[in-house]
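Quick caveat: nothing in here was measured; it's all calculated off a predicted structure.
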Amino acid sequence: MRFCRFGDGRLGLVEDSMVRDVTAALDVLPAYRYPLPPYDVFIANLDRVAERARAITAGSPQLPVSGVKFLSPVANPSKVIGAPVNYQKHLDEVRGDAQLHHGSQTHTVPIHQMGLFLKASSSLVGPGEGIVLRKLDRRNDHEVELAVVIGKRVNNVSAGEAMKYVAGYAIGLDITVRGPEERSLRKSPDSYAVLGPWLVTADEIPNPGDLNLKITVNGEERQNSNTKYMILGVPQLIEFASAFYTLNPGDVILTGTPEGVSPIQPGDTVVATIEKIGSMEVKVRTA
Ligand code: MN
C-alpha cells in the first residue's frame with residue numbers, strides 16, 4: 001500500500017494516478033493524552049489504520065496525484081538518522097573535492113568509522129512544501145537517498161532480524177549546507193529533510209538493496225545510481241543504529257547518497273525518483 005499525507009494534514013491512499021482521501025481511517029488511533037508518546041502514532045498503528053483504510057477506500061473521495069500537495073508521510077518522527085558517505089563513489093568524490101570535505105578528516109573515512117548522524121526532526125517537510133534555502137553565500141547541495149521508515153520499536157537488533165522492523169520506504173532528500181560545521185547543524189535547517197511523495201509499505205519492496213535512484217535539477221540529470229552500491233545495506237544500517245539508540249515507530253533512516261551531489265539555487269526544480277516508489281518534484285526557493 002502507498003500512504004500519503006497531503007493538503008492540510010489529510011491521509012491518502014495512492015492507487016495508480018489517484019489519491020483516495022482516507023483521513024477517516026485515522027479515527028482508529030487511540031485517544032492520546034499528555035505526555036504524548038515519543039513516536040509517530042500513525043506509523044505505530046499502521047496495520048490498524050491500513051485495515052480501516054482498505055474498508056473505506058471504495059467510497060472515499062478521490063483526487064488526481066498531479067493536483068495534490070504532498071506532505072511528509074511521517075509527521076512526527078522521534079529522529080531522522082543520516083548515513084554519511086555510504087556509497088564508495090560518493091566517498092571518492094568527497095575525498096577529491098575540498099568544497100565538499102572542507103579539510104575535515106572525518107568527512108573522508110568510511111561509514112563504519114564515521115558512524116551515523118542526526119538531522120533535526122524540525123527539518124522535515126514533504127515535497128509539496130518545497131526547500132527554503134538559507135546561507136545563500138554558501139554551497140547548498142542535493143542528496144537523493146532511499147529513506148527507510150521504522151515500523152516497530154527496536155533496540156540492539158541484528159541485521160538478520162532487522163527487516164521485521166521496517167514499515168516501508170520513501171524518497172529522501174538530505175539537503176546540505178557545505179562548510180566546516182557539524183553535520184547536525186548544516187543538515188538541519190527547516191525543510192532540509194524532504195520525505196515523500198508517499199510511504200510504500202515494506203511488503204511491496206522485499207529487496208531495498210537493488211533499486212535505481214536518480215535526481216534531476218531543472219531537467220538535467222545529476223545523480224543516477226542503484227542502492228546495490230550502498231556500503232552498508234538497509235539491514236546493516238538498522239543494526240548499526242539500534243546498537244546506539246532505540247529506534248521508534250516513524251523514525252527515518254536516510255541511507256546515504258551516491259556520487260553526483262551538486263549545488264541547488266532558489267528557482268530550481270528538483271525531481272527525485274526511486275524505482276518501486278515513484279517520483280517527487282520539489283521546488284527550491286528562498287524565504
Ligand atoms: Mn546524505
Side-chain angles (χ1 to χ4, degrees), residues 1-81 119-130 147-154 164-173 190-191 193-205 246-254 276-278 280 282:
M1 300 174 82
R2 297 170 170 225
F3 283 104
C4 66
R5 294 180 57 256
F6 68 99
D8 58 358
R10 307 198 69 76
L11 181 70
L13 192 55
V14 182
E15 297 172 340
D16 300 319
S17 60
M18 302 300 284
V19 176
R20 290 279 193 174
D21 186 337
V22 293
T23 307
L26 294 172
D27 293 347
V28 302
L29 294 181
Y32 296 99
R33 297 190 63 178
Y34 184 85
L36 299 176
Y39 51 77
D40 188 276
V41 298
F42 161 50
I43 302 297
N45 293 281
L46 187 60
D47 290 348
R48 293 172 64 190
V49 176
E51 187 184 347
R52 184 73 187 134
R54 263 188 231 107
I56 65 172
T57 185
S60 61
Q62 52 180 343
L63 309 84
V65 162
S66 56
V68 166
K69 179 189 173 185
F70 288 105
L71 308 174
S72 166
V74 183
N76 295 302
S78 73
K79 49 192 171 299
V80 177
I81 300 161
K119 288 169 77 86
S121 301
S122 54
S123 67
L124 189 63
V125 295
E129 294 167 275
V148 180
V149 177
I150 296 296
K152 297 186 182 74
R153 186 177 163 92
V154 64
K164 296 176 186 168
Y165 297 89
V166 175
Y169 303 92
I171 304 171
L173 297 182
D190 296 357
S191 82
V194 186
L195 192 70
W198 39 68
L199 177 80
V200 179
T201 52
D203 56 292
E204 293 196 14
I205 303 181
T246 297
L247 303 177
N248 291 313
D251 281 3
V252 177
I253 303 178
L254 298 173
K276 294 192 185 344
I277 299 174
M280 63 182 191
V282 189

**Asked** Okay, side chain of Ser72, backbone of Leu124: is any donor-acceptor separation there less than 3.5 Å?
**Response** no
**Asked** Do Pro30 and Arg48 come close enough that some side-chain heavy atom pair is under 4.5 Å?
**Response** yes
**Request:** Please name the pair of heavy atoms, one in Arg10 and one in Thr23, separated by the smallest distance, quoted to 0.1 Å.
**Result:** CB-OG1, 3.3 Å
**Asked** Hey, which of Ile150, Leu247, Leu195 is the one that makes side-chain contact (heavy atoms from CB on, under 4.5 Å) with Val252?
**Response** Leu195
**Request:** May I have all residue pairs that pass ring pair (Phe, Tyr, Trp, His ring centres under 6.0 Å) and include part of residues 51-73, sequence neighbours excluded?
**Result:** Phe70-Trp198
**Fill in**
To the nearest 0.5 Å, atom CD of Glu15 lies from atom CD of Gln62 at 8.0 Å
**Message:** Quick test of your reading of the model: are Arg2 and Glu204 salt-bridged, counting only N-O distances below 4.0 Å?
**Reply:** yes
**Message:** Within the structure provided, determine whether Pro197 and Ile171 are in side-chain contact (heavy-atom separation under 4.5 Å).
**Reply:** yes
**Item:** Minimum heavy-atom distance between Ala167 and Ile43, given as atom pair plus value
**Value:** CB-CG2, 4.0 Å
**Item:** Heavy-atom closest contact (Ser78 atom, Ser121 atom, distance)
**Value:** O-OG, 3.6 Å
**Request:** Kindly say whether Leu13 contributes a backbone atom to a donor-acceptor pair with the side chain of Arg20 at under 3.5 angstrom?
**Result:** no
**Point-to-point distance, once rounded to the nearest 0.5 Å, from CG of Leu11 to CZ of Arg5** = 8.5 Å
**Item:** Side chain to side chain, Val80 and Leu254, heavy atoms closer than 4.5 Å
**Value:** yes
**Message:** Less than 4.5 Å apart, side chain to side chain, heavy atoms only: is that true for Phe42 and Leu26?
**Reply:** yes
**Message:** Go through it in stages, so that I can follow the logic: the residues are Val166 and Val149, the test is side chain to side chain contact (heavy atoms under 4.5 Å, CB included), and I'd like the CA-CA distance, side-chain angles, deciding distance and then a yes or no.
**Reply:** CA-CA 6 Å; Val166 175; Val149 177; over 6 Å; no
Donor-acceptor pairs under 3.5 Å, side chain of residues 49-60 to any protein atom, not counting sequence neighbours: which ones?
{"from": "Ser60", "atom 1": "OG", "to": "Thr57", "atom 2": "O", "distance (Å)": "2.7"}

**Asked** What's the verdict on side chain to side chain contact (heavy atoms under 4.5 Å, CB included) for Leu71 and Glu129, showing C-alpha distance, side-chain angles and the deciding distance?
**Response** CA-CA 7 Å; Leu71 308 174; Glu129 294 167 275; 3.8 Å; yes
**Fill in**
Heavy-atom closest pair (Val74 atom, Gly250 atom, distance to 0.1 Å) is CG1-O, 3.5 Å
**Asked** Is the shortest heavy-atom distance from the side chain of Leu46 to the side chain of Leu199 under 4.5 Å?
**Response** yes
**Message:** Just checking Asp203: does its CG atom have more than 12 heavy atoms from other residues, nucleotides or ligands closer to it than 6.0 angstrom?
**Reply:** yes
**Fill in**
Residues Gly151 and Pro249: closest non-hydrogen pair is O-CB, 3.5 Å
**Item:** Partners passing side chain to side chain contact (heavy atoms under 4.5 Å, CB included) against Pro37 (at least two apart in sequence or in another chain)
**Value:** Tyr32, Tyr39, Val41
**Prompt:** Is the backbone of Met18 close enough, under 3.5 Å, to the side chain of Asp16 for a donor and an acceptor to pair up by distance?
**Reply:** no
**Heavy-atom side-chain proximity of Cys4 to Val19 below 4.5 angstrom** = yes
**Prompt:** Hey, does Leu63 have a side-chain heavy atom less than 4.5 Å from the side chain of Phe6?
**Reply:** yes
**Request:** Without swapping roles, check the side chain of Asp251 against the backbone of Asn248 for a donor-acceptor pair under 3.5 Å.
**Result:** yes
**Request:** Rounded to the nearest 0.5 Å, what's the gap from CD1 on Ile253 to CD1 on Ile81? Could you check?
**Result:** 4.5 Å
**Heavy-atom pair of closest approach, residues Ser191 and Gly130** = CB-O, 3.6 Å
**Message:** I'd like to check Lys276 versus Val200 (side-chain heavy atoms, cut-off strictly below 4.5 Å). Are they in contact?
**Reply:** no
